[in-house]
Amino acid sequence: MGTENHLQLNVIFLPYLTPGHMNPMVDTARLFAKHGANVTIITTQTNALTIQKAIDSDFNSGYSIKTYVIQFPSLQLGLPDGVENIKDCTTPQMLEKIFHGIMMLQPQIESVFQELQPDCIVSDMFYPWTVESAAKLRIPRLYYYSASSFSSCVYHFIQKHKPHKGLESDSHKVQIPGLLDKIEIAPTEMDEFQRKENDMTILMNVVYASERRSYGTLCNSFYELEGGYEELYKNTIGIKSWSVGPVSAWINKTDEEKANRGNKVDLKEEPYWLNWLNSKQSDSVLYVSFGSLTRLSYAQIVEIAHGLENSGHNFIWVVRRKGEGDGEGEEECFLQDFEARMKESDKGCIIWNWAPQLLILDHPATGGIVTHCGWNSILESVSSGLPMITWPLFAEQFYNEKFLVQVLKIGVSVGAKVNKFWSTVGEDGIVGREELVKAVKTLMGSEESREMRKRAKKLGDAAKRTIEEGGTSYNNLMQLMDELKSLKMSRN
Ligand code: UDP
């Protein structure tokens, strides 16, 4: 055994302030601590509260892990107290302020780096300046990418080759060059900043430059799922990469851990939806969620409600209230009527605002998911061996859909066509109730879906194996930690 095996690594994790980035990074930080590292997660007060229970529990079990709380400038920005996460924004103006507030955190974060003198910084992709901080400290910076290697390759090849330039129409499909599979895409499905240059394009160019200057990439994925694309990614970007996922399944083992992950859900008094789920047959319920950020229009909500009802299948639907002033209005009345009707027919259940997703996906009654194709939701569904109805909305979600439907063949597309972030979603991108009924019937009842279900179960088994001792993700994490220790030794 080399001396480095006895060294303790000091690692700082810096997650971005949104659940889709925070959840996997906090899971990964906890894994580092469970394997001997001394871990600090830098975050703000309100965000710390959502993870504190898990961190305290790890700490009390003897692991060296803590949060380091910094101040979010809510007052300065005129944001309501406690709004420190992108998921809590209810207007585009609030969103602008949060983005600005996150940028203002840089001096505080840099002073924590100076104070703690870490051996490595694991930084979310959206803090590109941490490349300089790590260089000053002469330590490695890992670029944390909370999505797939496949989508990373798609982003890079679209940026490089701009295959959509010169197309006659925005809905005309074009092949994405450089990939291992033949994937076609319409410009309307591309991330908005790739379709048309905007402020985000400038930011993303800075992010990509920082990626190439990083020591390596840490990715929540696994080799058996997309090993070919991991290799392609490494060869394309020219840096190292470690896939250590699915981190959610690796670290959140108990029902309590699953329920509290990302937000606290009280299970003491068995909630209505859990009793309801317990009463249903295996694989008979569809879980419907559009992630932590999406705000659907009223017109779209009406179509989803009718589509679910008309499909005749059991469902649990997570509906986010839009914010201040909600609880009255046309939309609320419609949803309350719908909820009462579904309760009476025993066909469906609404969970308001936040669902303990890991718990629901792992429940034996859950047989599929309607997903907006956020990478975490995909990986969590894969871990539970579930096939999916794909309903991408924004960012890289359309790329993920292609991976699920065309490469892995575990997804049925609902037919969404327009890539738009929630604050700009209009009537043009609406998916009708008939399209949803068709997709639900295909996924939950057709011959075609039997094969899909088998493939999803097989991937679920692979997901379980890869995080066990000797599995690929397990070995990757161990190898990465050993490499970081060797680097620490060589600096001493
Ligand atoms: N999530 C959850 N309950 C909810 C909504 C989201 O637990 O009601 C979690 C989900 O399990 C996932 C994350 O929040 O870990 C959402 O990330 P994803 O990449 O799926 O989508 P995003 O929210 O970033 O669009």
Side-chain angles (χ1 to χ4, degrees), residues 15-28 30 47 50-51 53-54 85-89 95 98 124-126 144-148 150-152 191 219-221 245-252 255-267 271 273-274 287-296 315-321 349-363 366 369-384 386 388-401 403-404 411 416 419-423 425:
Y16 204 65
L17 305 183
T18 180
H21 289 229
M22 251 183 103
N23 283 356
M25 203 193 257
V26 170
D27 287 343
T28 310
R30 294 179 60 206
N47 288 297
T50 64
I51 58 172
K53 200 162 182 218
N85 189 298
I86 293 174
K87 81 171 183 349
D88 298 321
C89 293
L95 192 65
I98 288 260
D124 187 274
M125 62 188 290
F126 285 128
Y144 198 96
Y145 185 62
S146 46
S148 62
F150 174 85
S151 68
S152 200
D191 195 332
C219 185
N220 182 22
S221 189
V247 291
S248 61
W250 194 346
I251 198 80
N252 301 288
D255 279 359
E256 203 189 344
E257 277 177 311
K258 289 178 197 168
N260 286 324
R261 196 247 199 168
N263 222 343
K264 201 171 160 339
V265 174
D266 199 354
L267 291 179
W273 58 264
L274 188 52
Y287 171 68
V288 185
S289 168
F290 295 89
S292 64
L293 305 178
T294 301
R295 291 175 189 274
L296 299 167
F315 65 87
I316 287 192
W317 179 17
V318 192
V319 181
R320 305 189 68 224
R321 286 210 161 91
C349 208
I350 288 186
I351 297 184
W352 295 96
N353 293 326
W354 186 266
Q357 183 159 307
L358 295 183
L359 209 56
I360 296 175
L361 293 176
D362 272 350
H363 195 287
T366 306
I369 168 171
V370 176
T371 176
H372 71 309
C373 298
W375 183 246
N376 294 287
S377 295
I378 290 176
L379 213 51
E380 290 159 16
S381 306
V382 165
S383 305
S384 303
L386 296 172
M388 294 162 234
I389 290 176
T390 58
W391 188 325
L393 296 163
F394 64 93
E396 93 291 3
Q397 294 161 8
F398 282 81
Y399 311 160
N400 294 340
E401 173 183 61
F403 185 59
L404 287 175
N419 189 322
K420 270 189 173 183
F421 191 52
W422 63 265
S423 56
V425 166

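Ligands are counted one by one from 1 in listed order, and the atoms in each one are counted from 1 as well.
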Peer 1: Can you check whether Ser377 has an N/O within less than 3.5 Å of an N/O in ligand 1?
Peer 2: yes

Peer 1: Heavy-atom contacts with Val318 under 4.0 Å: which atoms of ligand 1 show up? List them by number with element.
Peer 2: 8 (O)

Peer 1: Tell me whether Pro19 has any N or O atom under 3.5 angstrom from an N or O of ligand 1.
Peer 2: no

Peer 1: What heavy-atom pair brings Gln357 and Ser377 nearest, and what distance separates the two atoms?
Peer 2: NE2-OG, 3.1 Å

Peer 1: List ligand 1 atoms under 4.0 Å from Gly374, heavy atoms only on the residue side.
Peer 2: 18 (P), 19 (O), 20 (O), 21 (O)

Peer 1: Under the 3.5 angstrom rule, does the side chain of Asn419 hit a backbone N or O of Ala395 as a donor-acceptor pair?
Peer 2: yes

Peer 1: Parallel, tilted or perpendicular, judged at 30° and 60°: which one describes the rings of Phe126 and His21?
Peer 2: parallel

Peer 1: Is it the case that Arg321 places NZ or CZ above or below the six-membered ring of Trp352, under 6.0 angstrom from the centre and within 45 degrees of the axis?
Peer 2: yes

Peer 1: Compare Ala355, Pro24, Cys373, Ala395 and give the one whose heavy atom is closest to atom 8 (O) of ligand 1.
Peer 2: Ala355

Peer 1: For atom 21 (O) of ligand 1, tell me which residue out of His21, Arg261, Met22, His372 has the closest non-hydrogen atom.
Peer 2: His372

Peer 1: Quick one about Thr28 and Tyr144 (side-chain donor to acceptor, distance below 3.5 Å, no hydrogens or angles considered), yes or no?
Peer 2: yes

Peer 1: For the residue pair Glu396 and Ser151, confirm or rule out a side-chain donor-acceptor distance under 3.5 Å.
Peer 2: no

Peer 1: Which ligand 1 atoms, with their elements, are less than 4.0 angstrom from a heavy-atom of Trp375?
Peer 2: 19 (O)

Peer 1: Test of understanding: given a 4.0 Å heavy-atom threshold, classify the contact between Glu380 and ligand 1 as side chain, backbone, both, or neither.
Peer 2: side chain

Peer 1: I need the nearest protein heavy-atom contact for atom 14 (O) of ligand 1: residue, atom name and distance, please.
Peer 2: Asn23 ND2, 3.4 Å

Peer 1: Could you walk me through whether Arg261 and Glu256 pass the salt bridge (charged side-chain N to carboxylate O under 4.0 Å, His left out) check?
Peer 2: CA-CA 8 Å; Arg261 196 247 199 168; Glu256 203 189 344; over 6 Å; no

Peer 1: Of the protein's non-hydrogen atoms, which lies at the shortest distance from atom 19 (O) of ligand 1, and what is that distance?
Peer 2: Asn376 ND2, 2.8 Å

Peer 1: In the protein, which heavy atom is nearest to atom 23 (O) of ligand 1, and how far is it?
Peer 2: Ser292 OG, 2.5 Å

Peer 1: Salt bridge or not for Glu257 and Arg30, using N-O below 4.0 Å?
Peer 2: yes

Peer 1: CG/Leu293 to OG1/Thr18 distance, rounded to the nearest 0.5 angstrom?
Peer 2: 4.0 Å

Peer 1: Using heavy atoms and a threshold below 4.0 Å, how should the contact between Trp354 and ligand 1 be classified: side chain, backbone, both, or neither?
Peer 2: both

Peer 1: Among protein heavy atoms, which sits nearest to atom 24 (O) of ligand 1, and what does the distance come to when rounded to 0.1 Å?
Peer 2: Gly20 CA, 3.5 Å

